Amino acid sequence: MGIFAKIKNALKKTKDAIAYRLNKLFTGGVLNDDFYDELEMILLSADIGSETTESILDELKTQIDKKHVKKSAEVRILLKEIMHDILDFELPKEEYPLVILIAGVNGVGKTTTIGKLANNYKKAGKSVTIVAGDTFRAAASDQLTVWADRAGVRIVKQGEGSDAAAVVYDALQSAKSKNTQVTLIDTAGRLHNKVNLMEELKKIDRIIDREFPEAMRLNYIVLDATTGQNALSQVDLFNEAIDIDGIILTKLDGTAKGGVVLGIAGEQEVPVVYVGVGEGIDDLEKFDIDDFVSGIVDAE
Amino acid sequence: MGVFSGLGDKLKHVFSKLTARGKLDEYEIKQAMREIRIALLEADVNFTVVKDFISKISERAKGEEIVKSVTPGQQVVKIVHDELVELMGSKNAKLAVSSKPPTIIMMCGLQGAGKTTMCGKLGALLKKQGKKPLLVACDIYRPAAINQLQVVGKNVGLEVFEKGTQKPAKTAEQAVKHATNNGFDTVIIDTAGRLHINDDLMRELEEVKKVVSPTEILLTVDAMTGQDAVTVATTFNQRLDVTGVILTKLDGDTRGGAALSIKAVTGKPIKFCGVGEKSGDIEVFHPDRMASRILGMGDIVSLVEKAQEAMDEEAIKKMEKRVKDANFTLDDFLVQFESLKKMGGISEVMQMLPGMGGRFKFNEKDIDEKRIEKFKAIICSMTKKEREHPEIVKSSRRRRICAGSGTTIQDVNQLLKQFEQTRDMMKKMKNNKGRLPF
C-alpha cells in the first residue's frame with residue numbers, strides 16, 4: 001500500500017500544487033531536462049495526451065532555439081502561442097434558417113447544452129425550435145421540455161421509444177412551416193463504437209439534408225471535459241458518420257482541463273466552438289482560446 | 001494516431017535486438033518502460049500513478065530471469081499485466097449486506113456518470129438474486145431526473161420512492177422507514193450528479209450519509225474519464241469514505257485507465273461495471289480483463305466467454321467434428337452466422353479483439369450486418385443437397401436461389417466464395433490444432 005499513500009499525499013492539494021508548480025516552473029531560471037520534465041507533467045495532467053504533448057514540446061524546443069529564448073517566463077508565452085495556433089480555426093458564419101444537430105456519447109450533457117443554446121439564440125432574437133430526438137433514454141424528452149420552458153422556446157416531441165428519425169422528420173416539417181430560424185436537434189447518447197446506433201445517427205443526418213436543404217447545417221459533438229484520450233476516438237468516429245463541424249466542451253467548471261481537444265484539433269481539425277461552465281441556462285460560452293490555454297499553463 | 005496497437009507489438013520491437021539470454025538488460029528495460037509509460041498514459045492512467053507504477057515495475061523487471069519459452073517482450077508484458085491485476089484486484093469486491101435490514105446503497109458521482117441507469121441495473125441484479133430492492137429518487141436538481149428513475153424502475157419492475165424536491169436527506173430517511181415497514185431488504189439511493197468541488201452539494205451528500213448510514217457508498221465513474229479521475233475519486237472518498245466504485249460505459253472503446261487511477265488513490269474496490277444500455281448490462285469487475293484492456297491487448301477473455309455463451313455446447317461439438325472431417329457445410333455456416341449475431345454482431349466482436357479497439361478499418365462491406373441477413377436468406381433458399389455440397393450450385397441453381405431469396409447472382413457468388421474461404425480457414429485451423437486463427 002506504500003504506493004497508494006504516496007499518491008494520496010501528492011494529490012492532496014492538486015489544484016494548489018499545480019498552481020505552485022506552474023509558478024515555480026516559469027519563474028525559475030534554467031531550461032534544463034528537469035524543466036521539460038516538469039512541463040511535460042503539467043501538459044499530461046491536463047489530458048493533452050502523450051503524443052500531442054510530445055509534439056508540443058518538440059515545437060517549443062525548436063522555437064526556443066530559433067528565438068534564442070533563455071528565460072522560463074518567455075517560454076510560457078511561447079508555449080501559449082503554440083497551443084493557441086493549434087486551436088485557432090476560422091468558424092463559418094451562421095446563416096438562417098439554421099439546423100444544429102447535437103450528438104455525443106452518453107452523459108456528456110447534450111440535453112443541457114441544447115437548453116443553453118436555445119436560450120442563447122432566443123436572447124439574440126431568433127425564433128427557435130427544439131427537437132426531442134432522444135427517444136431512448138428514460139424521461140429525456142421531459143428533461144428537454146423543462147429546458148425549453150426555461151428558455152421560452154417551442155419543442156417538438158413524441159413518445160418514448162418512437163423512431164428518432166420520424167420525430168426529426170415531423171419536427172422539420174413543423175419548423176419549416178413556422179419559419180423557425182434555428183432548429184436544435186437533440187439525439188440519444190450513443191457510444192461511437194456501436195455500429196447500429198451510428199447508422200441511426202447517419203439516417204437522421206440524411207433526413208435533415210433531404211427535408212431541409214435550404215437550411216445551413218451545423219453538426220456539433222458534445223464532449224465531456226473530464227474525458228481522457230477516448231475523446232479522440234469519439235470525434236473520429238462521429239466525424240466519420242456525420243461530418244462534425246465543431247465541439248462543445250462541457251463541464252469545464254470542474255477541475256478537468258479538457259486538454260484532449262488539443263490533440264483533436266491537431267489531428268482531426270475539428271474546432272471547439274462552445275464551452276459549458278455550469279448548470280445554469282447562461283452557462284454556455286463561446287470558446288475563448290486564450291482563456292482555455294491560460295487555464296492549462298497559468299496559475300489561477 | 002492510427003490503430004491502437006498492442007503493447008506487446010511495441011515491446012517486441014524494443015527487444016528485437018536482444019538475443020542474449022539471461023537477465024533482462026537495464027537499457028532494454030528502460031526502453032520497455034518508455035513504451036509502457038506511453039501505453040498507460042494513452043489509456044488515461046493518471047501520470048502520478050504511472051510514474052510510481054513504472055518505478056515499481058522497473059525494480060521487479062531488473063532481477064527477472066528470462067524464461068526460455070517466451071520472448072523478453074512477452075515477459076515484460078506479463079510482469080506489467082500481473083502487477084496491474086494485483087493493483088486493481090480486491091478481496092472485498094462483493095456487495096456488503098447489512099446484518100440489520102435494509103441494506104442501504106447510496107450512489108454518488110459526477111454528472112453524466114450514469115448513476116440513475118446504474119441504480120436500475122443494480123436493482124434488477126439484486127432482484128434476480130432474490131432480494132427486494134427499493135429505488136429512491138434523491139436527485140432534486142436535474143430536470144426530470146425523478147421521472148427518469150421512475151421509468152427505469154418501472155422497466156425493471158421495482159418500486160420507486162420519491163418525495164419531489166424536498167431535501168434529499170429527508171427523502172432518504174423516509175425511504176428507509178418505508179422500506180422497513182414494507183419488507184424491502186435493500187434500498188438504493190440515487191443522488192444528483194455533482195462536481196466534487198461544489199462544497200454545498202458535497203455537504204448534502206454528507207447529510208444523507210449521516211441520516212441513513214449506508215452499508216455501501218458507491219462512487220460511479222465514467223470509464224472514459226481522463227487524468228482528473230484521481231481528483232474526483234480522492235475528493236469523494238475524503239468526504240464520504242466511499243466503500244466501492246462502479247465503472248460505467250465500459251462497452252465503449254476506452255482503454256479505461258481510470259480504473260487503475262481510482263483504485264490507486266482510494267484503495268477502494270471496483271465492484272461493478274456497466275457494459276451496455278439494457279438493464280441486464282452489468283457485470284462484476286474482472287481485474288485481469290481490465291489489465292489487458294488498459295495495455296491495449298484486447299479483451300480476449302470476454303470474447304471467448306461470449307463465444308461460449310453464444311454457441312451451445314452441442315453445436316460446438318458438432319462443428320468441431322465437422323471441421324475435423326473437413327466436412328464443413330453451408331448449414332454449419334448458417335450456425336456460425338447465428339452465433340455471431342448472438343455475440344452482438346461482427347462489429348462488437350471485432351472491437352473486443354486486440355488492436356481493434358473500435359478503430360478497426362475493415363472493408364465496410366465485410367462487416368455489413370445486412371449482408372449477413374442476405375447470406376442467411378440465400379442459404380435458406382437452398383436444398384439440403386446444395387447446402388451439403390455447395391460445389392453443385394451452378395448457373396441454373398444459382399438463378400433459382402437468387403429468385404427464391406430475393407437477392408442477386410452476385411450475392412450468391414459472394415456467399416459461395418466466402419464459404420470456400422472459411423472452409424479453407426477451417427482446414428488451416430485443424431492443422432493448427434484447433435487454435436483460433438487470430
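Chain identifiers are assigned alphabetically (A, B, ...) following the order of the sequence lines, protein sequences preceding nucleic acid strands; residue numbering begins at 1 within each chain. This is a predicted model, so every value here is computed, not measured.
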Short side-chain donor-acceptor distance under 3.5 Å, B:T231 and B:D228
yes

Distance-only donor-acceptor check, side chains A:T255 and B:H196, under 3.5 Å
yes

Option that, when pairs with chain B are counted at under 4.5 Å, heavy atom only, ranks first among A:D47, A:L191, A:T112:
A:D47

Within the 3.5 Å criterion, strictly below it, is a donor on A:D142 or B:N147 matched to an acceptor on the partner's side chain?
yes

Under 3.5 Å, is there a donor-acceptor pair between the A:D134 and A:Q143 side chains?
no

With a 4.5 angstrom heavy-atom cut-off, is it the side chain or the backbone of B:L110 that approaches chain A, or both, or neither?
side chain

Please rank A:D224, A:D253, A:L144 by heavy-atom pairs under 4.5 Å with chain B and give me the top one.
A:D253

Sorted by number, residues from residues 149-162 of chain A in contact with chain B (heavy atoms, under 4.5 Å)
A:R150, A:E160

Identify, with sequence neighbours excluded, every residue that meets salt bridge (Lys or Arg N to Asp or Glu O under 4.0 Å) alongside A:D37.
none

Cut-off 4.5 Å, heavy atoms of chain A, and the answer for B:K154 is neither

Could you check whether A:S50 and B:E42, counting side-chain N and O atoms only, form a donor-acceptor pair closer than 3.5 Å?
yes

B:Q111 and B:Y141: side chain donor to acceptor below 3.5 Å
no

Taking 4.0 angstrom as the limit, do B:E204 and B:R194 come out as a salt bridge?
yes

Which atoms of A:V105 approach chain B - backbone, side chain, both or neither, heavy atom under 4.5 Å:
side chain

